[in-house]
Amino acid sequence: MARRSILSATERDSLLAFPESQDDLIQHYSFTESDLSLIRQRRGDANRIGFAVQLCLLRYPGYALAGDMPVPDPVVQWVARQVQSDAAAWPQYGIRDETRREHFQELRAYLGLSAFGLPEFRKLAHSVADLAMQTDKGLVLAAHALETLRQRHIILPTLAVIERVCAEAVTRANRRIYRALLEPLQPHHKRGLDNLLNVAPYTNITWLMWLRQSPLKPNSRHMREHIERLKIFQSLALPDGIGRQIHQNRLLKMA
């Protein structure tokens, strides 16, 4: 069975989008003197621009440059201007995969980056699960996961992996929520709730379905039905404050 995606195509694009406005380019892709000193050690415009673009991508969004990855022209132009090279040389970079891989390894050491593996997956899922106690919105969870990895100086995996992390986090959060709701219940509470799954007399629906139905017009018959529903709720006598420890967003979503 295919795993359900928690992100839309538009959300995926937005999460790893390149900065393109001048302000964003300055914020994310401005080089320090140390950066420029390292970049100038490359021979030829293509290698200088390519090395510099890899440096930019590893810092933000935080992943390695692939051979067929399209880089927006504003990014290439901004990088070329800073390293004083001809932007027209950019397409020549990476013709040799070996060159790109060598640059990547050097930049990884320079930036102090770590690879993403199973231990990182588990730690990240634990971190995202704390946020998933408040919301199960995929975009919010994925953005948090990406930012967490950037702060930990870990190279980003594919978005498919990030989605698996978020799905795992939501599952963990759901289990915590269910445990929090169940722990205060005594055996008689559970029996009462289980009985709501029985079919109500003279109907073809369960008590639970009947309770979820809203009264119609405000007349005496419907008012009596409403009172009967309230009596059944009261008869369950669930502990006071149950669900108080659950974030309101998640509680409303479940309801």
Carboxylate-amine/guanidinium contact Asp45 Arg48, below 4.0 Å: yes
Over 12 foreign heavy atoms within 6.0 Å of CG, Asp194: yes
Mutual orientation of the aromatic rings belonging to Trp90 and Tyr93 [parallel < 30°, tilted 30-60°, perpendicular > 60°]: parallel
All salt bridge (charged side-chain N to carboxylate O under 4.0 Å, His left out) counterparts of Arg150, not counting sequence neighbours: Glu147
Cluster check Ile26, Leu36: I/L/V/M/F/W/Y, side chain < 4.5 angstrom: yes
Flag if over 12 foreign heavy atoms under 6.0 Å of CD, Gln84: no
Close side-chain approach of Gln41 to Phe51, heavy-atom, < 4.5 Å: no
Heavy-atom side-chain proximity of Asp73 to Glu20 below 4.5 angstrom: no
Could you give the side-chain donor-acceptor pairs of residues 105-125 under 3.5 Å, partners two or more places apart or in another chain?
unit_1	atom_1	unit_2	atom_2	d
Glu106	OE1	Arg42	NH1	3.1
Glu106	OE2	Arg42	NH2	2.9
Arg108	NE	Leu113	O	3.2
Tyr110	OH	Ser34	OG	3.0
Tyr110	OH	Asp35	N	3.4
Tyr110	OH	Asp35	OD1	2.6
Glu120	OE1	Gly117	N	2.8

Leu230-Met223 co-clustered via ILVMFWY side chain contacts under 4.5 Å: no
In one Ile/Leu/Val/Met/Phe/Trp/Tyr side-chain cluster, 4.5 Å: Leu185, Leu251: yes
Shortest non-hydrogen contact from Ala46 toward Ala89: CB-O, 3.5 Å
Ionic contact status for Glu228 with Arg224, cut-off 4.0 Å: no
Ring geometry between Phe18 and Tyr63 (parallel below 30°, tilted from 30 to 60°, perpendicular above 60°): perpendicular
Atom CZ of Arg152 with >12 non-hydrogen neighbours under 6.0 angstrom: yes
Heavy-atom check, side chain of Leu182 versus side chain of Arg179, under 4.5 Å: no
Min side-chain heavy-atom separation Val83-Phe31 under 4.5 Å: yes
same_hphob_cluster(Leu208, Ile205) at 4.5 Å side-chain heavy-atom cutoff: yes
Met209 atom CE, neighbour heavy-atom count above 12 within 6.0 Å: no
Partner residues of Ser21 under the side-chain hydrogen bond (donor to acceptor under 3.5 Å, both in side chains) criterion, sequence neighbours left out: Asp24
Heavy-atom pair of closest approach, residues Asp136 and Lys253: OD2-NZ, 2.8 Å
Cluster link Leu65 to Ile49, ILVMFWY, side chain under 4.5 Å: yes
Closest non-hydrogen atom pair, Leu7 against Arg12: O-NH2, 3.0 Å
